[in-house]
Amino acid sequence: MRMSRLFSQTLREAPADAEMPSHKLLVRAGFIRQLAAGIYTAMPLGKRALTKIENIMRAEMNAIGGQEITMPVVHPAEIWQETGRWYQIGSEMGRFKDKNDRDMVLGMTHEEVVADLTRKEIHSYRQLPVLIYQIQTKWRDDPRPRAGLIRVREFTMKDSYSLDADWKGLDKQYRAHYQAYFNIFHRCGIPVIAVKSDVGMMGGKMAHEYMYLTPYGEDTLLLCDACDYSANRQIATFQKQAAPAEEPQLLEKVATPECKTIAELAEFLGIPESKTAKAVFLIAEIPEGEESVQKFVFAVVRGDMELNETKLTNALKASELRPATEEEIIAVGAVPGYASPVGLPEKNDYLPVVTVVDELIPQSANLVAGANEAGYHLLNTNYGRDYKADIVTELTAARQGDGCPRCGEPLREVRGVEVGNIFKLGTRYSDAMGATFQDKDGKEKPVIMGSYGIGSGRLLASVAEEHHDEYGLIWPITVAPYQVHLVVLTGKKGGEETLQTAEQLYRDLRDAGVEVLYDDRVASPGVKFNDADLIGLPIRLTVSARALSQGGVEFKRRDQQERRLIPLDEIITAVKDEIATLHADIMAKVVEVPFVD
RNA sequence: CGGGGUGUGGCGCAGUUGGUAGCGCGCUGCGUUUGGGACGCAGAGGUCCGGGGUUCGAGUCCCCGCACCCCGACCA
């Protein structure tokens with residue numbers, strides 16, 4: 001490709017609204033352009049890099065028996081109503097009506113379509129197992145798109161779906177993906193770790209997320225350096241220190257003026273925060289059939305701990321959870337800052353109240369809790385004696401330094417970008433949509449499903465994030481839009497001859513099957529070199545009068561400082577060798593990764 | 001959805017007490033230059049986010065919207 005014809009320009013300055021290095025550089029180098037919040041065009045360079053990534057995905061999917069298909073972007077609402085997600089998922093789902101006033105959905109994922117295909121195509125255990133996949137556009141109207149391509153609303157995703165006759169089959173396909181995904185990321189040149197994760201809107205039995213670790217990541221992970229425990233903060237557990245057993249003491253009301261926070265309360269009473277109970281108020285949306293009801297949630301955790309809203313959401317089977325406002329808290333008869341489940345009015349005119357307490361609360365005697373009266377707290381509240389909860393479960397968030405649930409060593413908190421995920425769905429969708437098959441024993445059984453996704457744009461951005469320096473991008477050979485950046489410098493002296501040499505080299509390289517971006521523009525050396533660094537192709541060749549007079553063409557790798565002169569007639573071989581070396585270096589990193597349950 | 005910020009030429013920005021818009025980069029033409037974002041000369045390019053209002057007069061002041069970015073909530 002000639003740069004004089006390339007449909008994108010480099011920018012000297014990044015748009016002011018870009019923050020992450022990958023975002024700035026992808027825009028500056030002309031890989032992407034923004035159309036609206038979270039909506040981007042892939043320009044020619046970006047598209048080529050994406051295609052490289054997607055072909056790696058294809059290769060790895062095909063290697064584990066995948067068959068590529070393309071499913072529709074637009075779905076009738078009916079299939080989403082069948083599984084209930086039409087009601088469960090909120091504003092994130094793109095909905096519209098067609099001209100006949102029928103409800104339609106913009107596909108955010110394709111379990112429903114796969115289940116529909118399955119019930120139409122699969123009738124016998126003889127047809128299983130199956131692995132199908134597609135690389136296709138998704139729409140998720142994220143409330144807050146950000147960070148360039150990391151978090152967008154419209155994006156391309158490789159999503160695969162496994163269909164099995166039994167759980168053993170699912171396990172096999174799940175593990176095949178587990179490794180194939182590592183292969184994909186390693187072939188793209190980024191290190192990732194797999195962590196156990198929440199199943200979220202997908203439902204199902206088990207899930208892993210592949211995390212690229214970077215401070216710019218928006219997910220928080222807890223890792224144990226001593227054993228191999230790793231989990232998303234949303235589901236991470238830890239070893240809780242149970243309080244020493246005590247005899248329940250008499251309930252006592254004390255004045256605690258200006259003690260609205262746990263810290264102030266503990267300080268005022270001279271007790272550790274672990275001797276207090278913290279109440280958190282939320283409003284939950286809980287689906288019940290095709291309807292959903294709002295409930296006021298009273299969550300109680302020990303004062304020294306933090307509520308984990310994902311765990312609470314799961315305990316409530318809620319579709320939405322948000323903090324309650326002061327007005328709402330008052331409306332149910334509680335007093336902000338001094339609230340507790342003790343002495344809460346049985347009924348209120350606002351919303352039904354659900355009380356959920358952390359498992360540690362019943363084990364902790366004589367906690368200080370609010371008195372539901374401004375300026376007062378209760379000493380010695382005891383679960384069971386003074387109040388009861390609707391649900392007792394594990395509710396607290398793991399934090400840096402908490403004990404690993406497996407080995408007790410301190411956990412470490414890191415940030416990461418979720419570049420892929422795998423889910424054991426089980427029969428959630430096949431049950432809902434009647435996707436069954438006849439098994440060997442003659443019985444009708446639901447197909448067992450798995451679902452696996454990788455966003456290609458997010459992966460591209462992660463690769464850019466991992467591989468760049470102050471001058472620009474540094475693409476791994478496997479992802480680079482072109483392998484070679486050919487620069488011609490045509491000074492006054494010998495300009496014509498230099499140009500002819502470069503033109504010939506451009507043709508020869510292409511004839512040899514090398515992917516070349518050829519900077520044939522009329523521009524100064526500084527401009528060309530800076531653009532080459534910015535775009536970041538792995539190998540740079542410079543044809544100039546100076547280099548030619550010294551006997552050849554200058555050869556430089558983007559990831560190295562050294563430049564060397566290579567005679568013209570050896571260039572093609574040298575380039576092909578270097579490409580092979582770069583590939584080999586990447587493939588050396590594609591290794592077996594032990595499965596961590 | 002809460003909190004904060006920003007909207008002026010393609011990009012980055014300035015614009016004073018309110019007086020009819022400017023700088024750098026980029027772009028066009030001509031010439032000089034050519035190994036790390038060259039220089040000269042001549043140009044093109046602006047509904048100042050939108051709508052109301054105040055005023056003789058609004059990029060500037062006041063309302064109401066919208067868009068984009070950041071933090072949080074949320075998120076496969």
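In what follows, chains are A, B, ... by sequence order, proteins preceding strands, each numbered from 1. Hydrogens, waters and symmetry mates play no part in the numbers below; they use all other heavy atoms, side chains included. Quantities reported herein were computed from a predicted structural model and do not represent experimental measurements.
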Carefully, step by step, assess R564(A) and E578(A) under the rule salt bridge (charged side-chain N to carboxylate O under 4.0 Å, His left out).
CA-CA 13 Å; R564(A) 55 193 164 112; E578(A) 197 67 34; 3.4 Å; yes
C66(B) pairs with which nucleotide, Watson-Crick or G-U wobble, both distances below 3.5 Å?
G7(B)
Counting any heavy atom closer than 4.0 Å, what does R540(A) reach on the DNA or RNA strands: base, sugar-phosphate only, or nothing?
base
Under 6.0 Å between ring centres, would you say that holds for H208(A) and Y174(A)?
yes
5'-most contact on RNA chain B (nearest-nucleotide basis), M157(A) vs L534(A), goes to L534(A)
Tell me if the side-chain of R28(A) makes a donor-acceptor pair with the base of G26(B), cut-off 3.5 Å, by modelled atom types.
no
Look at all strands and tell whether D159(A) reaches a base, only sugar-phosphate, or nothing, counting heavy atoms closer than 4.0 Å.
nothing
Pairing nucleotide - G43(B), Watson-Crick or G-U, each distance under 3.5 Å
C27(B)
Would you mind pulling out the nucleotide paired to C61(B), Watson-Crick or G-U wobble, both distances under 3.5 Å?
G53(B)
If you pin Y471(A) and L35(A) to their nearest nucleotides in RNA chain B, which one's is more 5'?
Y471(A)
Between CD of E68(A) and CE of M61(A), what distance do you get to the nearest 0.5 Å?
11.0 Å
Have a look at A147(A) and say if it touches a base, only the backbone sugar-phosphate, or nothing, with a 4.0 Å heavy-atom cut-off.
sugar-phosphate
Side chain of P15(A) only, please: which of G35(B), G12(B), C74(B) is the nearest?
G12(B)
Give a yes or no on whether the ring-centroid distance for Y210(A) and F182(A) is below 6.0 angstrom.
yes
N-O pairing of R85(A) and E111(A) below 4.0 Å:
yes
Would you measure the distance from the C1' atom in U54(B) across to the matching atom in C63(B) and give it in whole Å?
10 Å
Is the distance from OP1 or OP2 of G2(B) to the nearest side-chain N or O of R144(A) less than 4.0 Å?
no
Between D519(A) (CG) and G35(B) (C1'), how many Å, whole number?
13 Å
Determine the contact category for A14(A): base if any of its heavy atoms lies under 4.0 Å from a base atom, sugar-phosphate if only primed atoms, P, OP1 or OP2 are that close, otherwise nothing.
sugar-phosphate
Both distances under 3.5 Å, Watson-Crick or G-U wobble: report the partner of G72(B), or none.
C1(B)
R458(A) near the nucleic acid: base, sugar-phosphate alone, or nothing, with a heavy-atom cut-off under 4.0 Å?
nothing
Length of the CD1-C1' vector between I32(A) and C11(B), whole Å:
15 Å
Need one value for E554(A): base, sugar-phosphate or nothing, where a base atom within 4.0 Å counts as base even if backbone is also close, heavy atoms only.
base
Whole angstrom is fine here: how far is it from CD in E13(A) over to P in G26(B)?
11 Å
Under 4.0 Å from OP1 or OP2 of C69(B): is there any side-chain N or O of Q34(A) that close?
yes
